[in-house]
Structure formats: C-alpha cells, structure tokens
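Numbers here simply count residues along the sequence, with the first being 1.
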Amino acid sequence: MDAKEFTNGLAELRGVRDQIKKAEKELAKLHANRDQRIKVLGAYPKAKSDRLAPAAGMSVKDIVALVPQLAPASEEGAVPDAQPSAAELQAPVEPAGASAPTMSPIATRPATEPTPSTGDTEAATTGEQPVIASTAAQAEHPTPATEPTTPTAEPAARELPAIPEGAEGDRWFTVAPKLVSTRPDYSQQPRPTVFLDATTGDLVHRDQRVRIDLGQASAHEILTAVYAHVPDSIERIYITAGDPWHRDADRYPYLKDAVRAWLDAPMPSGWKVETRRGSDRLAGHFIPERHGGTPVGRWERGDQHVEIRSVSEWFDPEGADVATVRHALTLLWQALKTDWPDVVLMGSPSQTGRDLWTRTIPTKAGARWADGYPVMSDEIRQLLHATSGQGRTELITPPRVPEQLPQLHEFDRTLAYGKHTWASGVGAPQRVTAQTFASWSEKQQANALFAPSHWRVKVTIPDDWNHVGILPSAVEGDRAWTYPHQAGRTFTTWAGGAEVNLALRNPITPWKIEILDGLLWESGTPLKEWSEKLKTAWSRLSAAAAHAGTDDLRQAYKLASRGARSILLYGIGGFAQRPVTTSGSVPIGSESQIPDGGKITSISGDTVAWERTKMSRNPNAHPEWASGVWSAARAALLSTRAKNADSQTVHVGALHLPPGSVVAFRTDAIYTTVMPDWPYNGEPGDYLLKGTTPHPVTAPTVESEFYTLQSLGRALLQEQQHDLT
C-alpha cells in the first residue's frame, strides 16, 4: 500500500463513518417514534404491559419504565403505586377550549397580479400598503397544487406538557422565594487577554506581536508556547483562527468526541482542569451541546488560571488578521463604555450581555421593580423551557415549491431581536383558563392577546389555506418544531401571544384558535434601556465602518458592530435558563428515597433508576423574556411593518409573498423565489437583501443542497455589489 492508496482508504473509511452516523440517527428516530407510540397506547384505560411488550419487541420492564402506571402490583420487580410527580408536567384530560375573538386583519392578501391602490381597503383607510413582488417575478412562479403529488413523511408528534387542573396548577403561578434580579454592588474585574492565530502562530499581547511555534497545537503546547512570551498573569487566550480542538476530527466518529479528547489530553508541567474559584467564575471545560464547535478549555496551575476560547463566539473573523481582531474588541469596549463606564468584556457575549443588563436594573426608591425583578416558580420556568422554541428553521421542498426554482433570494432581518424588546412580561403571571378567557369581553380577550403572554391552544387551519404555516408544533427528533400548513389540519400546541395574535389577524384568512390555558403577565420594560444602549453602540460602530479610511479599520469596526449584535442576541438567549437533570438509583422498596420530582426511568433486578429535572436558583433566569422576544421575531418573519421612502407604513414578511414562493426560513431570514420591493433603512428589523441567485436553480431537498445555494447567492450578490463600485 502506498501513500495514495492509504489516502483513498481514509476517504472511503470516512464515507462508511458518515453512513453509520446517518443510520444511527435514523435508528434513534425510530426508537423515539416507538416510545411515543407506547406512551400513547399506554394511556388507554385497558392497556396492559404484557400486551404492549411483544408488539414493541421489548421487555415488560422496559414498557413499565416508559409507562409506570402499567406496572401490575404482582409483577416481579414492579414498583407499587409508582406515580408520576407533578414535576413531570403530565397533560390532564383536555378541557373544552374558549374561542378566540375575531380581530381585524393585518393587511390585504397580495394577488398574483398587482391590484390598484383604490381596491386595497386597508391602504385606503390607514395609508398602509402591502409590498408585493414584481409582476414578472410572480408570473413566472406557478402556485403549487393544493394536494401534493407524493406523500411527505412527517416526524412523530412530541407531547407537550400542560398545567395541572385546579389548585395544583394554580400553585405554579407564584415567584421563586428569595430569588430576585438586582443590580450588582460590585464591578467586574477584567481578565488579561492575548490573541493567537493558531494557523500561523502569530500572538498579539497589547501592542506586541510575536510568532511562536505551536507544534501540533495541543492545549499543552499552546500554553507552553504562549507563556514563554507573556506574563503568568494572562488569564484568557482567544483563538482567532485555526480551531486547534478540531485537529483530530478524522479520528473520531463525532466532532464532539474530538473536542473532548483535545481538552482532556494529558497536561504536563503541573496544569490541571480548573476547579471553582469565586461565585461569579465558571470552572471546568465547556463543550456546546450541539456539535462541540466552539468549546472553552479552563486550566489551573497553582494560583495561575487560564482559559482558551474562540473569538468566533463574538463574531466570524472572516480571515481578519489577529491584530485586527484585537482592535475590534477594543473598539467594541470603547463604544459600550459611553453608556456603561464600568463595562468589562467578559469571556462570551452572553456573559457580557447579562452583566450589562443587571447594571440597568432600576434602583431609584419608589420606582417600579426597584427591589429587583422576581424570578418565576420552578414549574413555570420549566414549562416555558419545554414549550418555547427559538428561531424558525424550515426547508420547504417540492411539491410545495417547484422542482425548478426560477430564482432564489435571501432576505435577512437586521438586528431582529432588538426590534422586540420594548415590552416584556414581569412578575408572576396570571393564569387564564379556558373558562376565564370565555368569561371576558372580546375587548378583554383581544387585549390579552396583545399583552406579554404564552398560550396553550387548539388550532384549526382553514380549509382553503395554501401558504406557509404560522404556529409551531412539537415533534420528535433534531427538528424539535415544525410549522403545520395543511388545510383543515387540527393540532394542539403552545405559542406566544405574538404568534397567536398573528394567526388570528394574518393577511390571508384567520385561523381558528381555541384557548385551552394561558399565562398572562403584567407588561413592563425590563429590557428596553439595555437594548437601546446596545442598539446605539451597534449603530455607531456600523456607521464608523462605512466611513473608515483603511480596509483594516473598516473590518475592525464591522467586526465590532457584530460583537454588539452578539451581546444583544446571546444576552437574550442567556435569560432562557435550561433545567438541570440529575439521576440516581435506589433499591426496590426504598422508593421514598427518590427526591421530590424524581421520575422512575427503569427497573433492573433489585434496583430502581430515577431521573429528576430541576431549575437551578439563578437570580437572572427570565425565560419569559427570551420566549417573548423569540415569539415576536418568528411572527415578524411572517408579517411586520416597515417605512418606505415616502414614510408610509408597508407590510413585509413571508405572508406578503405569493403562495409557493417561500423556499426556506433560517431564524431571521426568508429565502424566496420572488424579489419583493421591501424598503431597507438600516434599522433593526428591516429586511436586507443578503444573497441573490437571479437564474433558475434546482430546488434543494436536503440541508447540504440548501447551504450550497445560500453560499452561491451570497457570493453572486457580492460580485454584483463589487461591480457597482
């Protein structure tokens, strides 16, 4: 075997590895589908574990582990009277829903042919105009058939939790005792930092620059080489290029395994994994749950502490020189210092955003919330975590769109989350049951749906619907959420007030909504000052980039503006606290030792295994704020307002495009086959043309094909813009 054969063999081996990963992923989906079906069948009053077991190809004990109430008292190893706890959030028998009120539509549905302005009732009465695509672009885009020519496989539905009936559920609607967000009475201390290009070995410390030998770029080699040129007081090393933790990716089936191996490799010279040091310091390595792309490694040696992390947490360096990257973070710090004199850039934008927000909490005596913002009960925070998605990610494939797309354009909302921070829910929410909602007047109902709120609803899509879905539905697997669009379909879900409001007022035809339960908050402005200051910093840095005198300075300002965006984006995400899961086991007969809220997961021999999901006591945990912003942003992706050159209000978004023209959604971006005349003023929430492919392309059917078209569109737009300059 020669080197070429060996290289080819490695390529073939990677192919087999990818096939195995794909098969494992499909198998996991089948297991999830099977388990969900068992749970559904297990709810049947006459269901028995010994009948379900052979049908599922599982043991009786495995069935009991999934559906504990099926354990017969006489079954060997069964746990007598094992009941799911309230913390499991099991859905009760669904009550009758209360019909949502009729509400005025947002705008007239755009036709495939332009309509005269005199025929647009809303435009004539309010001065608002729906902005539609050009006639030519719409004419060349056929509307797909109402019925698909081939069936589309839908992921298995995922059961969402519900609030228990009666007093048990009402108990949730409180605040956590002695847990309040308050302004800190201390200043953060900066961590001395250096910047390292792990591909070239270029190291920048303050105004000094050296090139160092990193060897194979292991963590130990990096620390040894860096500290040979900088003082031991350096506590943070930002990697600006190179991703050394990915260096052995070909040796492991998953990227996360390669990252973990890099972090856990032997560390001579007295280094060891960092332990806790101070309540405001994180310790130990951190690997992101998904993919392991940007980890944080933390080590200590005596009194010396250091972390290695990627600057891509802040922004994509786009090949910028290491000194330019350092300059970008300096410019960001200077821009923030105008409004926060004591600002310190912490390790990540999320940490920085949370710290800056705490310094906007009101302290003036007598001011509303001057004593701090209370944190909701564990149950409500856990409910929000389980029932609130983030950005909308959806690929729409044939036959819903043509197999041959006439063109494809990407429109991305600028600093979208910053548009939706003007009002948020504060304090303990009010419970709004179906009975309560039904007892209100239509005005009260409408006011509730415009207020900060979160609703469990039964949804029926109109029989003549032929556009994209509006409300999310939970499914098993990686996608987590889908957006049902099938005419006449009925489903039950949770959604934020902004999305429920849109479903009732959308510009095409109202959806039927029945309120089953809900959370309604007092409206406040806990994020407004923080958000406005960050948007001001972003605006200043963006303007400076446009007028910078050199390419390096322009790039530094551009990266700094993206850093301000990241603080806002990830700062909001930081409020969405995740629950912590712990597990353990006890001998059969000692189930009383299982902690409150513990759920029995399996029975093996003489041992009962349990698992408990619980919210930690985080004084800045406010998932209601993150959930509200995300819901509003998803709604605005479908319909929102903008100002045109004549200062008229126009409606923009996916529902103002022709049916069958939307190919994909990516958080704040729409990919469409038509070119709408949407105004762009550079303001938060405006849609910016970010990519364009002005010629026919084959519709993507998988993610890899979509991202290829995305890259092509962005490259073509850059070429067009370059030619214009």
Side-chain angles (χ1 to χ4, degrees), residues 175-193 235-236 274-284 286 296 298 305 307 309 313-314 329 332-376 378 381 417-418 421 424-428 524-538 563-564 566-578 580 615-626 629:
V175 296
K178 299 181 180 179
L179 198 59
V180 182
S181 303
T182 57
R183 186 186 289 233
D185 56 2
Y186 61 89
S187 296
Q188 291 288 356
Q189 297 302 309
R191 302 183 73 168
T193 302
E235 295 187 48
R236 180 178 297 135
E274 185 184 55
T275 55
R276 183 182 180 91
R277 55 174 179 129
S279 59
D280 62 335
R281 304 269 188 156
L282 295 174
F286 169 75
V296 181
R298 300 185 179 96
H305 297 263
E307 64 179 15
R309 62 196 312 156
E313 293 180 71
W314 290 89
L329 287 179
L332 174 60
W333 174 78
Q334 292 171 343
L336 296 173
K337 192 173 178 63
T338 302
D339 287 312
W340 284 285
D342 57 348
V343 60
V344 170
L345 294 187
M346 303 178 72
S348 70
S350 175
Q351 292 172 297
T352 305
R354 185 167 56 250
D355 180 67
L356 293 179
W357 172 76
T358 62
R359 299 175 193 280
T360 65
I361 297 174
T363 57
K364 184 178 179 181
R368 184 68 166 138
W369 310 112
D371 294 330
Y373 293 103
V375 174
M376 292 180 300
D378 287 1
R381 281 182 284 147
Y417 287 177
T421 54
S424 303
V426 287
T525 57
L527 303 179
K528 185 177 179 180
E529 180 184 349
W530 172 76
S531 175
E532 290 300 321
K533 289 180 177 180
L534 288 174
K535 286 188 285 186
T536 298
W538 167 81
S566 294
I567 292 175
L568 180 62
L569 176 68
Y570 296 116
I572 289 171
F575 290 117
Q577 177 198 22
R578 291 181 176 275
V580 177
M615 309 304 290
S616 63
R617 286 186 60 80
N618 182 346
N620 296 320
H622 293 284
E624 68 277 20
W625 299 347
V629 170

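Counting all heavy atoms, side chain and backbone alike, Pro177 lies closest to Arg617 at O-NH2, 2.9 Å. Closest approach of Val344 and Thr352 over heavy atoms only: O-CG2, 3.9 Å. The shortest heavy-atom contact between Tyr570 and Pro349 is CD1-CG, 3.7 Å. Scanning all heavy atoms of the two residues, the minimum distance from Thr421 to Ser531 falls at OG1-OG, 2.7 Å. A pairwise comparison of heavy atoms in Ser348 and Arg309 identifies CB-NH2, 3.6 Å as the closest pair. Shown here for Leu345 and Trp314, the closest heavy-atom pair between the two residues is CD2-CH2, 4.1 Å.
If you take CZ on Arg381 and CG on Leu179, they are separated by 6.0 Å, rounding to the nearest 0.5 Å. Within the model, atoms CG of Leu568 and CG of Leu356 stand 11.0 Å from one another, a figure rounded to the nearest 0.5 Å. Distance OG1/Thr360 to CD/Glu532: 11.5 Å, rounded to 0.5 Å.
The only member of Arg191, Glu274, Arg236 that meets side chain to side chain donor-acceptor pair (under 3.5 Å) when paired with His305 is Glu274.
Side chains of Trp530 and Ile572 form a contact here, defined as non-hydrogen atoms less than 4.5 Å apart. The side-chain heavy atoms of Ser181 and Ile361, taken from C-beta on, include a pair separated by under 4.5 Å. Counting heavy atoms from C-beta on, the side chains of Ile567 and Leu336 come closer than 4.5 Å.
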(request) Determine, step by step, whether Phe575 and Val629 satisfy the side-chain contact (heavy atoms from CB on, under 4.5 Å) criterion, reporting the C-alpha distance in whole Å, the side-chain angles of both residues, the deciding distance to 0.1 Å, and the verdict. (result) CA-CA 11 Å; Phe575 290 117; Val629 170; over 6 Å; no

(request) Go through the steps for Val296 and Glu313 under the test side-chain contact (heavy atoms from CB on, under 4.5 Å), then give the verdict. (result) CA-CA 10 Å; Val296 181; Glu313 293 180 71; 4.0 Å; yes

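Taking a 6.0 Å sphere around NZ of Lys528, one finds it holds 12 or fewer heavy atoms contributed by other residues, nucleotides or ligands. Around the CH2 atom of Trp333, the shell of radius 6.0 Å holds no more than 12 heavy atoms that belong to other residues, nucleotides or ligands.
The side chain to side chain donor-acceptor pair (under 3.5 Å) test applied to Ser424 returns no partner, not counting sequence neighbours. By the side chain to side chain donor-acceptor pair (under 3.5 Å) test, Glu529 is found to be paired with Lys533, residues two or more places apart in sequence or in another chain being considered. Annotation: side chain to side chain donor-acceptor pair (under 3.5 Å) contacts of Trp625 (sequence neighbours excluded): none.
Listed by first then second residue, pairs satisfying salt bridge (charged side-chain N to carboxylate O under 4.0 Å, His left out) with a partner in residues 179-190 number zero, not counting sequence neighbours. A salt bridge (charged side-chain N to carboxylate O under 4.0 Å, His left out) check over residues 338-360, counting only residues at least two apart or in different chains, returns the pairs Asp342-Arg359, Asp355-Arg359.
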Atom pairs and distances, side-chain donor-acceptor, residues 369-376, under 3.5 Å, sequence neighbours left out:
none

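Checking side-chain atoms of Arg298 against main-chain N and O of Glu307 turns up no donor-acceptor pair under 3.5 Å.
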